K.L.:
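One structure is given below, represented as structure tokens, and several questions about it will come after.
Keep in mind that what you see is a predicted model, and the values were worked out from it rather than measured.
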Amino acid sequence: MTHSVNRDKLQASFTRPKNKGLLLGSLVSMLLSTQAHAAIHPMDESILAKQIADIAPRHSQVALLARDLSTNTLLYSQQADTLFIPASTQKVLTAVTAMASLGPDFRYVTELWSDAPIRQGHIAGSVYLRFSGDPTLTQDDLKALFAHLQKQGITSIEGHLYLIGDKQEQLQAPGWVWDDLGICFAAPVSSYIINQNCVYGQFAPSSAKHASEVKLRASSFGVKVSSDAIFSPKAGHDFCQLDLVRLGQNQYHLRGCYPGNEAIPLAIAISDPEKFAMDTLTATLKGEMSLSGKVKIGNAIPSKAKLIASHSSAPLPELLKTMLLKSDNLIADSLFKRVGQSYYKAQGSFTHGAAAMRHILTELGIDLTNANIVDGSGLSRYNLLSAKQLADVLALIYQDARFHSLIDSLPEAGVSGTLQYRLGYTKPPLKHLVFAKTGSMQGVANLAGFMRLAQQRDILFVVLENGISPETKKQRKPAFSADFLTRLLSAVEIQTQTSQTTTTELNTVKLSD
């Protein structure tokens with residue numbers, strides 16, 4: 001609730017000689033009530049609306065919502081119930097859902113089992129490596145698992161190494177852009193994940209002896225990239241582009257041209273997680289342990305098998321911090337599928353994850369009527385959320401102690417994560433004040449989070465902008481969200497100064513009487 005004081009009526013009441021004690025008592029009560037609520041005057045929304053109209057983008061659509069959390073006052077709202085593509089602001093929903101469903105002690109666990117006794121340093125049978133969909137699992141983690149066996153004096157496996165994971169997995173969600181699928185930020189979401197299911201390399205120009213070629217790092221096990229692409233220093237960007245063709249079985253072909261003459265880095269998402277896991281483990285074991293059999297995909301761990309080693313990921317709060325700071329899609333969608341698995345006691349999938357998220361958030365009081373939830377990362381263009389729905393989730397984070405840590409996990413303007421170098425956020429007035437999740441993709445520039453002001457005054461805000469022309473992004477100027485928040489901050493500061501002036505005047509009146 002906001003409180004304002006009419007100065008004319010206040011002064012008039014003091015000129016009346018009758019009932020002075022009663023009037024003074026009423027004034028003191030009013031003063032204490034006003035001070036208790038920080039003496040916040042209502043914001044002149046019409047002036048703010050005019051300022052925002054002056055900076056509103058002409059060729060895109062925006063939805064805006066801002067709320068003063070210290071007084072629970074709505075400061076500004078525009079198209080707050082209209083559905084927009086949320087992009088990576090979707091991860092705010094994923095963070096709350098995962099924390100509520102899995103709990104802060106949750107960790108992914110990758111396990112190594114044996115179906116035979118260990119005799120004189122040999123496992124007289126097969127070993128089973130159960131993958132859990134850990135989005136942070138690396139080849140080094142797998143080496144450490146087998147190094148643990150070596151420390152126990154185990155040097156060889158007489159049978160096979162079976163890799164255990166989900167079958168017939170849904171690796172991408174509906175609505176993912178098809179030409180993103182070869183890029184690492186859209187890596188397949190599988191129970192089999194090693195090195196983020198991503199390989200790195202370089203496309204280098206031709207020399208006197210060699211044609212232009214793709215060179216991959218040594219950790220790109222089983223991945224092959226052929227190329228007939230060329231470097232074209234005089235070509236323009238509009239008519240000279242590279243195209244990565246996915247051929248299946250982790251095979252690719254690079255074609256087209258690149259308008260330059262310097263080597264460029266490549267980050268390629270693998271297409272077959274099972275094969276990549278098999279090829280990686282085959283190569284890893286060669287330097288760690290003798291294997292008489294082969295690395296194969298298994299169906300299940302035998303009931304008689306015993307656990308001989310395991311690896312655990314970081315706990316959920318650390319995973320969520322990485323997810324929010326770096327906008328990590330693989331962590332988001334791995335958790336999304338894991339929530340579905342936990343909620344329905346069935347194999348994790350995007351379908352199960354979407355249904356579970358809707359149920360869990362609804363139980364927490366979030367009205368998701370008309371929203372469309374498809375994935376946990378926001379990569380899908382089928383996701384639809386309103387500014388009010390996002391704001392309700394942010395309010396839940398702010399109010400519920402279970403989710404408070406998520407605020408400190410958000411990128412800080414000019415300091416960390418995806419807001420560290422974002423135009424408009426690297427210097428005052430927004431630097432250090434804004435803690436928010438970005439959401440960017442072709443035609444989309446969203447921001448949802450908090451402005452943390454002095455005197456414990458926090459402002460919740462959501463800015464959704466869809467339909468942005470690629471030409472606009474080429475202009476390299478701050479996004480509309482930065483202009484909006486700057487205007488909002490200025491209005492809040494004026495409001496606060498006015499309130500402080502009123503409080504001072506009231507204190508003066510009280511002391512003189």
Side-chain angles (χ1 to χ4, degrees), residues 43 45-67 74-93 173-177 179-180 327 366-375 377-395 411 413 418-419 422-425 430 434 436-451 459-491:
M43 181 176 291
E45 188 172 328
S46 62
I47 295 177
L48 182 60
K50 185 180 184 306
Q51 291 181 339
I52 293 171
D54 291 340
I55 62 171
R58 294 179 56 195
H59 304 294
S60 57
Q61 301 81 44
V62 294
L64 306 169
L65 191 147
R67 180 174 293 278
L74 183 65
L75 301 177
Y76 192 81
S77 179
Q78 176 181 326
Q79 292 201 101
D81 292 313
T82 304
L83 296 175
F84 281 69
I85 298 173
S88 284
T89 59
Q90 179 89 358
K91 292 183 176 73
V92 175
L93 277 68
W176 285 18
V177 178
D179 50 353
D180 286 346
S327 202
I366 307 299
D367 183 1
L368 292 173
T369 303
N370 297 322
N372 196 43
I373 296 172
V374 179
D375 64 15
S377 63
L379 277 176
S380 175
R381 292 204 169 246
Y382 297 165
N383 290 311
L384 289 172
L385 290 173
S386 70
K388 184 180 184 306
Q389 288 164 336
L390 268 168
D392 288 345
V393 176
L394 290 171
T418 54
L419 281 180
R422 185 67 56 101
L423 288 176
Y425 295 92
L430 299 182
V434 174
K437 183 69 199 76
T438 54
S440 304
M441 57 170 53
Q442 182 80 303
V444 176
N446 303 331
L447 194 67
F450 306 91
M451 279 200 294
I459 307 297
L460 179 157
F461 69 85
V462 177
V463 182
L464 303 180
E465 184 180 5
N466 283 193
I468 304 171
S469 167
E471 294 300 318
T472 301
K473 286 203 169 184
K474 291 179 181 178
Q475 295 173 9
R476 295 291 297 165
K477 63 179 184 179
F480 165 72
S481 63
D483 289 337
F484 169 73
L485 292 178
T486 300
R487 301 292 176 103
L488 178 65
L489 178 61
S490 177

K.L.:
So, Asn466 side chain and Ile85 main chain: donor-acceptor pair closer than 3.5 Å or not?
P.N.:
yes
K.L.:
On a heavy-atom basis, which atom in Ser60 and which in Gly467 lie closest, and how many Å separate them?
P.N.:
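For Ser60 versus Gly467, the nearest heavy atoms are CB-O, 3.6 Å.
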K.L.:
Let me confirm one number: the CG-CZ distance from Leu64 to Phe480, rounded to the nearest 0.5 Å.
P.N.:
5.0 Å
K.L.:
Search all heavy atoms of Pro174 against all heavy atoms of Ser380 and return the closest pair with its distance.
P.N.:
O-OG, 2.6 Å
K.L.:
Taking atom CG of Asn370 as the centre, report whether more than 12 heavy atoms of other residues, nucleotides or ligands fall under 6.0 Å from it.
P.N.:
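No, the 6.0 Å shell around CG holds no more than 12 heavy atoms from other groups.
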K.L.:
Check step by step if side-chain contact (heavy atoms from CB on, under 4.5 Å) holds for Leu75 and Phe461.
P.N.:
CA-CA 9 Å; Leu75 301 177; Phe461 69 85; over 6 Å; no
K.L.:
Distance-only, no hydrogens or angles: does the Gln90 side chain make a donor-acceptor pair with backbone N or O of Asp375 under 3.5 Å?
P.N.:
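Flag set: sc Gln90 to bb Asp375 pair under 3.5 Å.
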K.L.:
Once rounded to the nearest 0.5 Å, what's the spacing between atom CD1 of Ile366 and atom CG of Leu394?
P.N.:
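Between atom CD1 of Ile366 and atom CG of Leu394 there are 9.0 Å.
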K.L.:
I'd like to know if the side chain of Asn372 reaches the main chain of Tyr382, judged simply by a donor and an acceptor atom lying under 3.5 Å from each other, with no hydrogens or angles considered.
P.N.:
yes
K.L.:
To the closest 0.5 Å, what do you measure between CE (Met451) and CG (Leu460)?
P.N.:
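Going from CE on Met451 over to CG on Leu460, the span is 10.0 Å.
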K.L.:
Can you name the one residue among Leu48, Ile459, Leu65 that meets side chain to side chain contact (heavy atoms under 4.5 Å, CB included) with Tyr76?
P.N.:
Leu48
K.L.:
Decide yes or no for Leu419 and Leu447: does some side-chain heavy atom of the first lie under 4.5 Å from some side-chain heavy atom of the second?
P.N.:
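They are in side-chain contact.
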K.L.:
Which atom pair, heavy atoms only, marks the closest approach of Phe84 to Gln79?
P.N.:
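Of all heavy-atom pairs spanning Phe84 and Gln79, the closest is CZ-NE2, 4.3 Å.
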K.L.:
Please give me the minimum heavy-atom distance between Leu430 and Ala413, naming the atom from each residue.
P.N.:
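Looking at all heavy atoms of both residues, the shortest contact is O-CB, 3.5 Å.
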K.L.:
Which residues pass the side-chain hydrogen bond (donor to acceptor under 3.5 Å, both in side chains) test with Asp483, not counting sequence neighbours?
P.N.:
none
K.L.:
Check whether any side-chain heavy atom of Val62 sits under 4.5 Å from a side-chain heavy atom of Pro57, and report yes or no.
P.N.:
yes
K.L.:
Show your working on side-chain contact (heavy atoms from CB on, under 4.5 Å) between Asn446 and Val444 and close with a plain yes or no.
P.N.:
CA-CA 6 Å; Asn446 303 331; Val444 176; 3.3 Å; yes
K.L.:
Between atom CZ of Phe450 and atom CZ of Arg67, what is the distance when rounded to the nearest 0.5 Å?
P.N.:
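The CZ atom of Phe450 sits 12.5 Å away from the CZ atom of Arg67.
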K.L.:
How close do Thr89 and Pro86 get, heavy atom to heavy atom, and via which atoms?
P.N.:
OG1-O, 2.6 Å
K.L.:
Look up atom OG in Ser481 and atom OH in Tyr425, then write down how far apart they are to the nearest 0.5 Å.
P.N.:
2.5 Å
K.L.:
I'd like to check the side-chain hydrogen bond (donor to acceptor under 3.5 Å, both in side chains) partners of Ser88; sequence neighbours left out, ordered by chain and number.
P.N.:
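Per chain and number, Ser88 pairs via side-chain hydrogen bond (donor to acceptor under 3.5 Å, both in side chains) with Lys91, Ser327.
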K.L.:
Are any side-chain N or O atoms of Gln442 and backbone N or O atoms of Pro470, one a donor and one an acceptor, separated by less than 3.5 Å?
P.N.:
no
K.L.:
Any idea which heavy atoms bring Ala371 and Leu385 closest together, and the distance?
P.N.:
CB-CD2, 3.8 Å
K.L.:
Output the distance between atom CZ (Arg487) and atom CD1 (Ile55), rounded to the nearest 0.5 Å.
P.N.:
4.5 Å
K.L.:
Is there a donor-acceptor pair closer than 3.5 Å between any side-chain N or O of Thr486 and the backbone N or O of Ala482?
P.N.:
yes
K.L.:
Partners of Gln389 by side-chain hydrogen bond (donor to acceptor under 3.5 Å, both in side chains), sequence neighbours excluded?
P.N.:
Ser386
